[in-house]
Amino acid sequence: MRDHEQELQARGIEVVLISFAPPELARHWLEATQFPFPLFLDPERRAYVAFGLGSSVLAAWHPKMFLYYFRLLAKGRKLMPVKGDPYQLGGDFLLDVQGSVRLAYPSSDPADRTPLSQILAAVS
């Protein structure tokens, strides 16, 4: 999302992140990643439950995840230590101004994100 911030804003899309992390961990993550969008904390995971997001040990430890993180390291990216619940799956959801879900994309693994083309198509 960060790489497409201007395009998303031009389409009227406001990106927010919802995390179950405790405030001190979230603050550290924001400082380390320089994430440009608003962050809301949901320690009780009410949003995760409402959107039907589960957790998966198998998805977190799948061999493709090791390949994903190896590629990040090869690009010079520094990985942060795992804190919190590494098995909680996330997702991407697009809601319109009335609160209707325009796009629901529950992640199948920790690195699974909605392709930008799907997000833009949901807005069109």
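Residues Leu17 and Val49 do not share a hydrophobic cluster, clusters being chains of Ile/Leu/Val/Met/Phe/Trp/Tyr side chains in contact below 4.5 Å. Criterion: ILVMFWY side-chain heavy atoms under 4.5 Å apart, direct or through other members. Under it, Tyr105 and Ile13 are part of a common hydrophobic cluster. Leu25 and Trp29 fall into different hydrophobic clusters, defined by Ile, Leu, Val, Met, Phe, Trp and Tyr side-chain heavy atoms under 4.5 Å apart, directly or through other members. Taking hydrophobic clusters as Ile, Leu, Val, Met, Phe, Trp and Tyr residues chained together by side-chain heavy-atom distances below 4.5 Å, Leu120 shares a cluster with Leu103.
Other residues, nucleotides and ligands place more than 12 heavy atoms under 6.0 Å from the CD atom of Glu24.
Going from atom CD1 of Ile119 over to atom CG of Leu8 covers 6.5 Å, rounded to the nearest 0.5 Å. Taking CZ of Arg45 as the start and CD1 of Ile18 as the end, the distance is 13.5 Å to the nearest 0.5 Å. Rounded to the nearest 0.5 Å, atoms CD (Glu44) and CZ (Arg46) are 4.5 Å apart. A distance of 8.0 Å separates CZ in Phe35 from CG in Leu30, rounded to the nearest 0.5 Å. Of the inter-residue distances, the one linking Leu53 atom CG with Phe20 atom CZ reads 11.0 Å to the nearest 0.5 angstrom. To the nearest 0.5 Å, the span separating CH2 on Trp61 from OH on Tyr87 amounts to 6.0 Å.
When all heavy atoms are compared, the tightest approach of Arg11 to Ser124 is NH1-OG, 3.8 Å. Here the closest non-hydrogen pair linking Tyr69 and Pro110 is OH-CB, 4.3 Å. In terms of heavy atoms, Phe37 sits closest to Val15 at CB-O, 3.4 Å. Listed here is the closest heavy atom pair of Gln34 and Arg2: O-NH1, 2.9 Å. Closest heavy-atom contact between Pro23 and Leu41: CA-CD1, 3.6 Å.
Judged purely by atom type and a 3.5 angstrom limit, Asp92 has no side-chain atom pairing as donor or acceptor with the backbone of Arg113. Gln9 contributes no side-chain N or O that, together with a main-chain N or O of Glu14, makes up a donor-acceptor pair within less than 3.5 Å. Judged by distance alone, with hydrogens and angles left aside, the side-chain atoms of Asp42 form no donor-acceptor pair with the main-chain N or O of Ser19 at under 3.5 Å. Arg102 places a side-chain N or O within donor-acceptor distance of the main-chain N or O of Ala122, the cut-off being under 3.5 Å. With hydrogens and angles ignored, the 3.5 Å screen pairs no side-chain donor or acceptor of Ser100 with any backbone N or O of Asp96.
In summary, the side chains of Asp112 and Ser107 do not present any donor paired with an acceptor at a separation below 3.5 Å, with no hydrogens or angles considered. Looking at Tyr68 and Asp109, their side chains never bring a donor and an acceptor atom within 3.5 Å of each other.
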Query raised in the report: Between Leu39 and Val16, is a side chain to side chain contact (heavy atoms under 4.5 Å, CB included) present by the stated rule, with each step listed?
Result: CA-CA 6 Å; Leu39 170 65; Val16 299; over 6 Å; no
Report task. Take Phe51 and Val101 through the test side chain to side chain contact (heavy atoms under 4.5 Å, CB included) and record every step on the way to the result. Result -> CA-CA 10 Å; Phe51 285 106; Val101 177; 4.1 Å; yes
